[in-house]
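The shown structure was predicted, so the numbers you read here are calculated from the model rather than taken from an experiment. If you read the sequence from its start, that first residue is 1, and numbering goes on from there.
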Amino acid sequence: MSQKKIVITGIGGLCSLGTDAPSIWKSMVAGVVGVGEILNAPLHDVKTRIGSEIPVLPPHDIDPKRLVTMDRFSLLAAIAAAEAVRGARLEISPDNASRIGAVIGTGICGWEAIEENYRGILLEGKPRAGVFTVPRVMPGAPAGQVSMTLGARGPVYGVTSACSSSNHAFASAMDQLRLGRADVMLAGGTEAPLVYGIIKGWEALRVLAKDRCRPFSLDRSGLLLGEGAGVVVLETLEHATARGAPILAELAGAGMSADATDIVAPTVEGPTAAIRACLADAGLSPGDIDYVNAHGTGTKANDIIETKALQAVFGERLPGVSVSSTKSMHSHCLGASGALEMIACVMAVREGIVPPTMGFNEPDPNCALDATPNVARHRPVRAAISNGFAFGGTNAVIAVRPFHG
(Lines give C-alpha, C1' and ligand atoms only; values in the text may rest on other atoms or scores of the structure.)
Protein backbone atom coordinates (compact mmCIF):
# COMPACT_ATOMS: atom_id res chain seq x y z
CA MET A 1 0.00 0.00 0.00
CA SER A 2 1.42 3.37 -0.99
CA GLN A 3 1.97 5.87 1.81
CA LYS A 4 0.84 9.46 1.88
CA LYS A 5 3.50 11.93 0.81
CA ILE A 6 4.51 14.28 3.62
CA VAL A 7 5.81 17.71 2.67
CA ILE A 8 7.50 20.54 4.54
CA THR A 9 5.77 23.88 4.06
CA GLY A 10 7.42 26.05 6.71
CA ILE A 11 10.60 26.14 8.79
CA GLY A 12 11.52 28.15 11.84
CA GLY A 13 14.44 28.20 14.21
CA LEU A 14 16.79 30.11 16.45
CA CYS A 15 20.19 29.34 17.91
CA SER A 16 23.57 31.01 18.27
CA LEU A 17 23.81 31.26 14.46
CA GLY A 18 20.70 33.39 14.09
CA THR A 19 17.21 34.07 15.38
CA ASP A 20 15.33 32.86 12.33
CA ALA A 21 15.76 30.04 9.83
CA PRO A 22 17.16 32.17 6.96
CA SER A 23 19.86 33.70 9.15
CA ILE A 24 20.77 30.27 10.57
CA TRP A 25 21.21 28.89 7.05
CA LYS A 26 23.20 31.93 5.93
CA SER A 27 25.55 31.45 8.89
CA MET A 28 25.92 27.74 8.19
CA VAL A 29 26.87 28.37 4.57
CA ALA A 30 29.35 31.05 5.65
CA GLY A 31 30.93 28.73 8.22
CA VAL A 32 30.11 30.94 11.19
CA VAL A 33 31.03 29.31 14.51
CA GLY A 34 28.54 30.49 17.12
CA VAL A 35 30.64 29.77 20.18
CA GLY A 36 31.43 32.28 22.89
CA GLU A 37 31.37 32.97 26.60
CA ILE A 38 28.07 32.04 28.25
CA LEU A 39 26.66 35.27 29.67
CA ASN A 40 22.93 34.78 30.28
CA ALA A 41 23.15 32.31 33.19
CA PRO A 42 25.13 32.25 36.45
CA LEU A 43 27.66 29.42 36.07
CA HIS A 44 29.13 29.51 39.57
CA ASP A 45 32.10 27.09 39.70
CA VAL A 46 31.83 25.30 36.36
CA LYS A 47 35.08 25.05 34.40
CA THR A 48 33.50 25.09 30.93
CA ARG A 49 32.27 28.62 30.43
CA ILE A 50 31.82 28.61 26.67
CA GLY A 51 29.01 27.34 24.49
CA SER A 52 26.58 28.38 21.79
CA GLU A 53 24.19 30.88 23.35
CA ILE A 54 21.45 33.04 21.86
CA PRO A 55 22.54 36.48 23.12
CA VAL A 56 19.17 38.21 22.66
CA LEU A 57 15.84 36.65 21.76
CA PRO A 58 13.95 38.07 18.78
CA PRO A 59 10.74 40.11 19.25
CA HIS A 60 7.62 38.02 19.78
CA ASP A 61 3.98 38.61 20.70
CA ILE A 62 3.56 35.97 23.41
CA ASP A 63 1.31 37.22 26.23
CA PRO A 64 3.36 38.21 29.31
CA LYS A 65 0.89 36.27 31.46
CA ARG A 66 1.83 33.14 29.53
CA LEU A 67 5.54 33.89 29.72
CA VAL A 68 5.59 33.38 33.48
CA THR A 69 4.42 29.79 32.91
CA MET A 70 7.23 29.07 30.42
CA ASP A 71 10.77 27.91 30.95
CA ARG A 72 13.27 29.01 28.32
CA PHE A 73 13.06 25.79 26.30
CA SER A 74 9.30 26.30 25.86
CA LEU A 75 9.73 29.91 24.81
CA LEU A 76 12.32 28.97 22.19
CA ALA A 77 9.96 26.34 20.78
CA ALA A 78 7.04 28.75 20.63
CA ILE A 79 9.10 31.37 18.79
CA ALA A 80 10.38 28.81 16.26
CA ALA A 81 6.90 27.39 15.71
CA ALA A 82 5.40 30.82 15.07
CA GLU A 83 8.04 31.49 12.41
CA ALA A 84 7.36 28.16 10.73
CA VAL A 85 3.61 28.79 10.66
CA ARG A 86 4.11 32.25 9.15
CA GLY A 87 6.39 30.82 6.49
CA ALA A 88 3.87 28.10 5.65
CA ARG A 89 1.13 30.74 5.29
CA LEU A 90 -0.93 28.57 7.61
CA GLU A 91 -4.03 30.11 9.18
CA ILE A 92 -5.11 28.22 12.29
CA SER A 93 -8.78 28.79 13.04
CA PRO A 94 -11.62 27.05 14.93
CA ASP A 95 -12.53 25.38 11.63
CA ASN A 96 -9.22 23.54 11.20
CA ALA A 97 -7.56 23.59 14.65
CA SER A 98 -8.59 20.03 15.54
CA ARG A 99 -6.71 18.75 12.47
CA ILE A 100 -3.45 20.54 13.38
CA GLY A 101 -1.15 19.08 16.00
CA ALA A 102 2.34 19.48 17.46
CA VAL A 103 5.12 17.10 18.51
CA ILE A 104 8.13 18.79 20.12
CA GLY A 105 11.19 16.88 21.29
CA THR A 106 13.54 17.76 24.11
CA GLY A 107 16.43 15.91 25.64
CA ILE A 108 16.14 17.21 29.19
CA CYS A 109 13.40 19.41 30.65
CA GLY A 110 12.93 22.93 32.00
CA TRP A 111 16.16 23.03 33.94
CA GLU A 112 16.07 26.75 34.67
CA ALA A 113 13.06 26.22 36.92
CA ILE A 114 14.70 23.27 38.65
CA GLU A 115 17.82 25.25 39.34
CA GLU A 116 15.96 28.33 40.55
CA ASN A 117 13.99 26.25 43.03
CA TYR A 118 16.85 24.08 44.27
CA ARG A 119 18.99 27.12 44.96
CA GLY A 120 16.10 29.05 46.44
CA ILE A 121 15.03 26.30 48.82
CA LEU A 122 18.36 24.67 49.69
CA LEU A 123 20.69 27.68 49.70
CA GLU A 124 18.48 30.71 50.29
CA GLY A 125 16.01 29.18 52.73
CA LYS A 126 12.86 29.89 50.74
CA PRO A 127 9.91 27.96 52.20
CA ARG A 128 8.28 26.87 48.96
CA ALA A 129 8.79 26.38 45.24
CA GLY A 130 7.42 28.67 42.57
CA VAL A 131 3.79 28.06 41.72
CA PHE A 132 4.56 27.32 38.04
CA THR A 133 7.52 25.03 38.73
CA VAL A 134 5.86 21.83 37.55
CA PRO A 135 4.37 23.20 34.30
CA ARG A 136 7.66 24.94 33.52
CA VAL A 137 9.76 21.82 34.12
CA MET A 138 7.82 19.03 32.41
CA PRO A 139 9.32 17.72 29.15
CA GLY A 140 5.94 17.95 27.44
CA ALA A 141 5.63 21.67 28.17
CA PRO A 142 7.06 22.94 24.86
CA ALA A 143 4.49 20.99 22.84
CA GLY A 144 1.69 22.26 25.06
CA GLN A 145 2.90 25.85 24.89
CA VAL A 146 3.21 25.67 21.10
CA SER A 147 -0.36 24.44 20.86
CA MET A 148 -1.65 27.16 23.20
CA THR A 149 0.22 30.05 21.58
CA LEU A 150 -0.91 29.02 18.09
CA GLY A 151 -4.29 27.40 18.79
CA ALA A 152 -3.50 23.88 17.52
CA ARG A 153 -6.01 21.37 18.93
CA GLY A 154 -5.00 18.14 17.19
CA PRO A 155 -2.52 15.52 18.48
CA VAL A 156 -0.14 17.38 20.82
CA TYR A 157 2.58 15.76 22.90
CA GLY A 158 6.26 15.79 23.76
CA VAL A 159 8.98 13.34 22.77
CA THR A 160 12.14 12.81 24.77
CA SER A 161 14.99 10.53 23.69
CA ALA A 162 18.09 12.56 24.50
CA CYS A 163 19.91 13.68 21.35
CA SER A 164 17.53 11.83 19.01
CA SER A 165 14.48 13.69 20.29
CA SER A 166 13.94 15.96 17.27
CA ASN A 167 14.23 13.14 14.76
CA HIS A 168 11.85 11.02 16.81
CA ALA A 169 9.46 13.98 16.81
CA PHE A 170 9.64 14.22 13.02
CA ALA A 171 9.02 10.48 12.67
CA SER A 172 6.12 10.60 15.11
CA ALA A 173 4.53 13.59 13.41
CA MET A 174 4.88 11.85 10.05
CA ASP A 175 3.07 8.85 11.49
CA GLN A 176 0.16 11.01 12.67
CA LEU A 177 -0.22 12.39 9.15
CA ARG A 178 0.10 9.01 7.46
CA LEU A 179 -2.50 7.54 9.83
CA GLY A 180 -4.94 10.33 9.05
CA ARG A 181 -5.11 11.68 12.59
CA ALA A 182 -4.12 15.16 11.41
CA ASP A 183 -3.67 17.17 8.23
CA VAL A 184 -0.88 19.37 9.59
CA MET A 185 1.72 18.72 12.29
CA LEU A 186 4.23 21.14 13.78
CA ALA A 187 7.31 19.09 14.61
CA GLY A 188 10.76 19.81 15.96
CA GLY A 189 12.85 20.13 19.06
CA THR A 190 14.06 22.57 21.68
CA GLU A 191 16.69 22.79 24.41
CA ALA A 192 18.10 25.35 26.84
CA PRO A 193 20.95 23.50 28.59
CA LEU A 194 23.34 26.39 29.26
CA VAL A 195 22.77 26.36 33.01
CA TYR A 196 24.97 25.38 35.93
CA GLY A 197 23.56 21.93 36.74
CA ILE A 198 23.55 20.65 33.16
CA ILE A 199 27.04 21.88 32.32
CA LYS A 200 28.33 20.46 35.61
CA GLY A 201 26.88 17.07 34.67
CA TRP A 202 28.45 17.12 31.21
CA GLU A 203 31.79 18.09 32.75
CA ALA A 204 31.62 14.89 34.78
CA LEU A 205 31.37 12.87 31.56
CA ARG A 206 34.71 14.38 30.41
CA VAL A 207 33.53 14.94 26.85
CA LEU A 208 33.45 18.76 26.73
CA ALA A 209 35.97 20.47 24.47
CA LYS A 210 38.11 23.27 25.82
CA ASP A 211 37.71 25.59 22.82
CA ARG A 212 36.06 24.22 19.68
CA CYS A 213 34.05 21.25 18.51
CA ARG A 214 35.97 19.63 15.63
CA PRO A 215 33.96 16.65 14.33
CA PHE A 216 35.90 14.01 12.39
CA SER A 217 39.17 15.96 12.72
CA LEU A 218 42.11 14.00 14.14
CA ASP A 219 42.62 16.64 16.85
CA ARG A 220 38.99 16.65 18.03
CA SER A 221 38.59 16.75 21.80
CA GLY A 222 34.86 16.67 22.43
CA LEU A 223 31.64 18.60 22.13
CA LEU A 224 30.27 21.92 23.33
CA LEU A 225 26.70 22.60 24.45
CA GLY A 226 24.32 24.98 22.74
CA GLU A 227 20.75 26.19 23.05
CA GLY A 228 18.15 26.54 20.36
CA ALA A 229 14.95 25.32 18.78
CA GLY A 230 13.70 24.35 15.36
CA VAL A 231 10.21 23.58 14.10
CA VAL A 232 8.86 22.59 10.69
CA VAL A 233 5.32 22.53 9.39
CA LEU A 234 4.54 19.08 7.99
CA GLU A 235 1.46 18.42 5.86
CA THR A 236 0.08 15.72 3.68
CA LEU A 237 0.73 16.63 0.06
CA GLU A 238 -3.01 16.58 -0.59
CA HIS A 239 -3.69 19.15 2.14
CA ALA A 240 -0.76 21.39 1.20
CA THR A 241 -1.76 21.39 -2.46
CA ALA A 242 -5.41 22.11 -1.70
CA ARG A 243 -4.57 25.25 0.24
CA GLY A 244 -1.84 26.41 -2.15
CA ALA A 245 0.91 26.15 0.45
CA PRO A 246 4.57 26.81 -0.41
CA ILE A 247 6.22 23.38 -0.53
CA LEU A 248 9.87 23.53 0.50
CA ALA A 249 10.81 19.85 0.40
CA GLU A 250 9.52 16.37 1.07
CA LEU A 251 10.07 14.53 4.33
CA ALA A 252 10.61 11.23 2.56
CA GLY A 253 11.04 8.82 5.44
CA ALA A 254 12.33 7.96 8.89
CA GLY A 255 14.09 5.03 10.49
CA MET A 256 14.56 4.11 14.13
CA SER A 257 16.46 1.49 16.12
CA ALA A 258 18.00 0.76 19.49
CA ASP A 259 21.48 -0.49 20.37
CA ALA A 260 20.16 -2.35 23.45
CA THR A 261 23.66 -2.54 24.92
CA ASP A 262 25.05 0.38 26.92
CA ILE A 263 23.57 3.62 28.28
CA VAL A 264 26.43 5.78 26.90
CA ALA A 265 28.64 3.68 24.59
CA PRO A 266 27.20 3.45 21.05
CA THR A 267 27.37 0.47 18.72
CA VAL A 268 27.84 0.31 14.97
CA GLU A 269 24.88 -2.00 14.47
CA GLY A 270 22.21 0.29 15.95
CA PRO A 271 22.96 3.40 13.84
CA THR A 272 23.42 1.22 10.75
CA ALA A 273 19.98 -0.32 11.26
CA ALA A 274 18.35 3.12 11.68
CA ILE A 275 19.91 4.47 8.48
CA ARG A 276 18.84 1.41 6.51
CA ALA A 277 15.32 1.58 7.94
CA CYS A 278 15.11 5.24 6.96
CA LEU A 279 16.15 4.55 3.39
CA ALA A 280 13.66 1.70 3.12
CA ASP A 281 10.84 3.87 4.50
CA ALA A 282 11.69 6.64 2.03
CA GLY A 283 12.03 4.28 -0.92
CA LEU A 284 15.61 5.43 -1.44
CA SER A 285 18.82 3.52 -2.04
CA PRO A 286 22.25 4.47 -0.71
CA GLY A 287 23.05 5.64 -4.24
CA ASP A 288 20.35 8.32 -4.00
CA ILE A 289 21.93 10.11 -1.03
CA ASP A 290 24.28 13.00 -1.77
CA TYR A 291 24.44 14.60 1.70
CA VAL A 292 24.57 13.23 5.22
CA ASN A 293 24.10 15.64 8.09
CA ALA A 294 26.08 13.64 10.61
CA HIS A 295 25.37 13.26 14.28
CA GLY A 296 29.03 14.31 14.44
CA THR A 297 29.51 15.31 18.07
CA GLY A 298 33.29 15.64 17.92
CA THR A 299 34.00 12.99 20.54
CA LYS A 300 36.63 10.37 19.72
CA ALA A 301 34.28 7.39 19.98
CA ASN A 302 31.13 8.80 18.38
CA ASP A 303 32.76 9.97 15.16
CA ILE A 304 34.49 6.63 14.59
CA ILE A 305 31.31 4.65 15.28
CA GLU A 306 29.28 6.87 12.96
CA THR A 307 31.89 6.53 10.21
CA LYS A 308 31.73 2.74 10.50
CA ALA A 309 27.93 2.86 10.28
CA LEU A 310 28.10 5.01 7.15
CA GLN A 311 30.70 2.66 5.65
CA ALA A 312 28.39 -0.27 6.32
CA VAL A 313 25.51 1.45 4.50
CA PHE A 314 27.29 3.24 1.65
CA GLY A 315 30.29 0.96 1.12
CA GLU A 316 32.63 2.03 -1.67
CA ARG A 317 30.37 4.96 -2.54
CA LEU A 318 30.95 6.75 0.79
CA PRO A 319 33.87 8.92 -0.44
CA GLY A 320 31.48 10.48 -2.98
CA VAL A 321 28.88 11.39 -0.34
CA SER A 322 29.24 14.83 1.25
CA VAL A 323 29.11 14.52 5.03
CA SER A 324 29.12 17.41 7.48
CA SER A 325 28.39 18.14 11.11
CA THR A 326 26.74 21.50 11.68
CA LYS A 327 27.34 20.94 15.40
CA SER A 328 30.78 22.36 14.62
CA MET A 329 28.93 25.69 14.31
CA HIS A 330 25.83 25.63 16.55
CA SER A 331 27.31 23.13 19.05
CA HIS A 332 25.39 20.19 20.47
CA CYS A 333 21.91 21.44 21.24
CA LEU A 334 20.93 18.00 22.55
CA GLY A 335 17.21 17.49 21.91
CA ALA A 336 17.11 20.46 19.53
CA SER A 337 20.07 19.41 17.40
CA GLY A 338 18.06 17.39 14.90
CA ALA A 339 15.64 20.26 14.41
CA LEU A 340 18.43 22.68 13.53
CA GLU A 341 19.97 20.03 11.31
CA MET A 342 16.61 19.64 9.55
CA ILE A 343 16.96 23.28 8.47
CA ALA A 344 20.36 22.39 6.98
CA CYS A 345 18.92 19.41 5.12
CA VAL A 346 15.90 21.28 3.73
CA MET A 347 18.05 24.11 2.46
CA ALA A 348 20.74 21.77 1.14
CA VAL A 349 18.28 19.96 -1.13
CA ARG A 350 16.69 23.26 -2.18
CA GLU A 351 19.85 25.22 -2.95
CA GLY A 352 22.39 22.52 -3.75
CA ILE A 353 24.76 23.64 -1.01
CA VAL A 354 26.34 21.39 1.62
CA PRO A 355 27.27 23.30 4.79
CA PRO A 356 30.79 22.67 6.10
CA THR A 357 32.30 20.94 9.09
CA MET A 358 34.20 23.77 10.73
CA GLY A 359 37.38 23.36 12.76
CA PHE A 360 38.54 20.42 10.64
CA ASN A 361 42.32 20.51 10.78
CA GLU A 362 43.57 17.03 9.89
CA PRO A 363 41.91 13.86 8.57
CA ASP A 364 41.52 10.98 10.98
CA PRO A 365 42.41 7.63 9.34
CA ASN A 366 39.59 6.10 11.42
CA CYS A 367 37.08 8.54 9.92
CA ALA A 368 37.57 7.90 6.22
CA LEU A 369 34.83 10.06 4.78
CA ASP A 370 34.40 13.41 3.03
CA ALA A 371 33.67 15.71 5.98
CA THR A 372 33.23 18.85 3.81
CA PRO A 373 36.03 20.58 5.72
CA ASN A 374 35.71 24.29 6.55
CA VAL A 375 34.11 25.51 3.31
CA ALA A 376 30.55 24.97 2.04
CA ARG A 377 30.28 22.96 -1.15
CA HIS A 378 28.00 23.60 -4.10
CA ARG A 379 26.66 20.34 -5.52
CA PRO A 380 23.29 18.89 -6.50
CA VAL A 381 21.64 17.17 -3.53
CA ARG A 382 19.09 14.63 -4.73
CA ALA A 383 18.39 13.51 -1.18
CA ALA A 384 19.81 14.04 2.30
CA ILE A 385 19.67 12.14 5.55
CA SER A 386 20.14 13.48 9.06
CA ASN A 387 21.47 11.19 11.79
CA GLY A 388 20.44 11.34 15.43
CA PHE A 389 22.12 8.91 17.83
CA ALA A 390 21.59 9.24 21.57
CA PHE A 391 22.60 8.07 25.02
CA GLY A 392 20.46 5.08 25.80
CA GLY A 393 21.24 3.68 22.38
CA THR A 394 18.20 5.26 20.75
CA ASN A 395 18.73 6.09 17.09
CA ALA A 396 16.56 8.06 14.67
CA VAL A 397 17.35 9.08 11.08
CA ILE A 398 15.23 11.14 8.71
CA ALA A 399 15.42 11.61 4.93
CA VAL A 400 14.64 14.80 3.00
CA ARG A 401 14.47 15.26 -0.76
CA PRO A 402 13.40 18.03 -3.13
CA PHE A 403 9.71 18.19 -3.93
CA HIS A 404 8.90 17.62 -7.56
CA GLY A 405 5.25 18.36 -8.19
Side-chain angles (χ1 to χ4, degrees), residues 8-36 51-60 72-73 75-88 104-105 142 165-167 169-170 186-194 213 215 224-233 246 248-249 251 291 293-296 324-359 372 374-377 381 384 386 388 398 400:
I8 299 163
T9 58
I11 55 177
L14 64 167
C15 65
S16 64
L17 301 181
T19 53
D20 55 45
S23 61
I24 290 172
W25 175 241
K26 182 178 179 181
S27 292
M28 286 180 175
V29 172
V32 174
V33 177
V35 173
S52 289
E53 185 177 54
I54 305 168
V56 180
L57 296 183
H60 58 78
R72 188 173 176 89
F73 76 148
L75 177 57
L76 298 182
I79 292 171
E83 181 194 354
V85 167
R86 288 193 303 270
I104 306 297
S165 297
S166 287
N167 282 1
F170 295 135
L186 312 178
T190 186
E191 206 80 86
L194 300 182
C213 175
L224 290 171
L225 296 179
E227 63 176 352
V231 174
V232 299
V233 177
L248 304 179
L251 179 55
Y291 172 46
N293 188 295
H295 186 59
S324 73
S325 172
T326 54
K327 289 183 180 71
S328 63
M329 294 179 275
H330 55 67
S331 295
H332 199 343
C333 298
L334 306 181
S337 287
L340 298 170
E341 291 154 4
M342 169 67 95
I343 294 172
C345 288
V346 169
M347 298 309 298
V349 301
R350 284 180 62 79
E351 297 192 357
I353 302 175
V354 173
T357 300
M358 297 304 294
T372 318
N374 301 314
V375 179
R377 179 176 302 144
V381 179
S386 178
I398 57 101
V400 176

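Residues meeting the ring pair (Phe, Tyr, Trp, His ring centres under 6.0 Å) test with His295, sequence neighbours left out: His332, Phe389.
Here the CD1-SG distance, from Ile11 to Cys345, works out to 11.0 Å after rounding to the nearest 0.5 Å. Once rounded to the nearest 0.5 Å, the distance linking CG of Leu248 with CD1 of Ile343 reads 11.0 Å. To the nearest 0.5 Å, the span separating NE2 on His60 from CD1 on Ile79 amounts to 4.5 Å. In this structure, OG on Ser324 lies 9.0 Å from CZ on Arg377, to the nearest 0.5 angstrom. Atom CG of residue Leu57 and atom CG of residue Leu76 lie 6.0 Å apart, to the nearest 0.5 angstrom. From Lys327, atom NZ reaches atom OG1 of Thr357 across 10.5 Å, with rounding to the nearest 0.5 Å.
Inter-residue side-chain proximity for Thr326 and Leu340 is flagged as unmet; no heavy-atom pair is nearer than 4.5 Å. Using a 4.5 Å heavy-atom threshold, the side chains of Pro355 and Trp25 count as touching.
What you find for Leu14 and Thr19 is that their closest heavy atoms are CB-CA, 3.7 Å. Residues Gly388 and Asn167 approach most closely at N-ND2, 3.5 Å, considering heavy atoms. Pairing each heavy atom of Ala187 with each of Ile104, the nearest pair is C-CD1, 4.4 Å. What you find for Ala376 and Ile353 is that their closest heavy atoms are CB-CG2, 4.0 Å. When all heavy atoms of Ala77 and Val231 are compared, the pair lying nearest together is O-CG2, 4.0 Å. Of all the heavy atoms in Ala169 and Gly105, the pair that sits closest is CB-N, 4.0 Å.
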Worksheet entry | From CA spacing to verdict: side chain to side chain contact (heavy atoms under 4.5 Å, CB included), Val349, Tyr291 | CA-CA 9 Å; Val349 301; Tyr291 172 46; over 6 Å; no
Practice prompt. For Ser27 and Met329, run side chain to side chain contact (heavy atoms under 4.5 Å, CB included): C-alpha distance rounded to whole Å, both residues' side-chain angles, the deciding distance at 0.1 Å, then the answer.
Written response: CA-CA 9 Å; Ser27 292; Met329 294 179 275; over 6 Å; no
Fill in: CA sep, side-chain torsions, deciding dist, call: Arg350, Ile8, side chain to side chain contact (heavy atoms under 4.5 Å, CB included)
CA-CA 12 Å; Arg350 284 180 62 79; Ile8 299 163; over 6 Å; no
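The main-chain N or O of Gly34 is found under 3.5 Å from a side-chain atom of Ser16 such that the two form a donor-acceptor pair. Between the side chain of Asp20 and the backbone N or O of Gly13, no donor-acceptor pair lies under 3.5 Å. Within the 3.5 Å criterion, the main-chain N or O of Ala21 finds a donor-acceptor partner in the side chain of Glu83. Side-chain atoms of Ser166 come within 3.5 Å of backbone atoms of Gly335 as a donor-acceptor pair (strictly under, hydrogens ignored).
Met28 pairs in a side-chain contact (heavy atoms from CB on, under 4.5 Å) with only one of the listed residues (Met358, Glu341, Met347, His330), which is His330.
Residues Ser52 and Ser331 have side chains that bring a donor and an acceptor to within less than 3.5 angstrom of each other.
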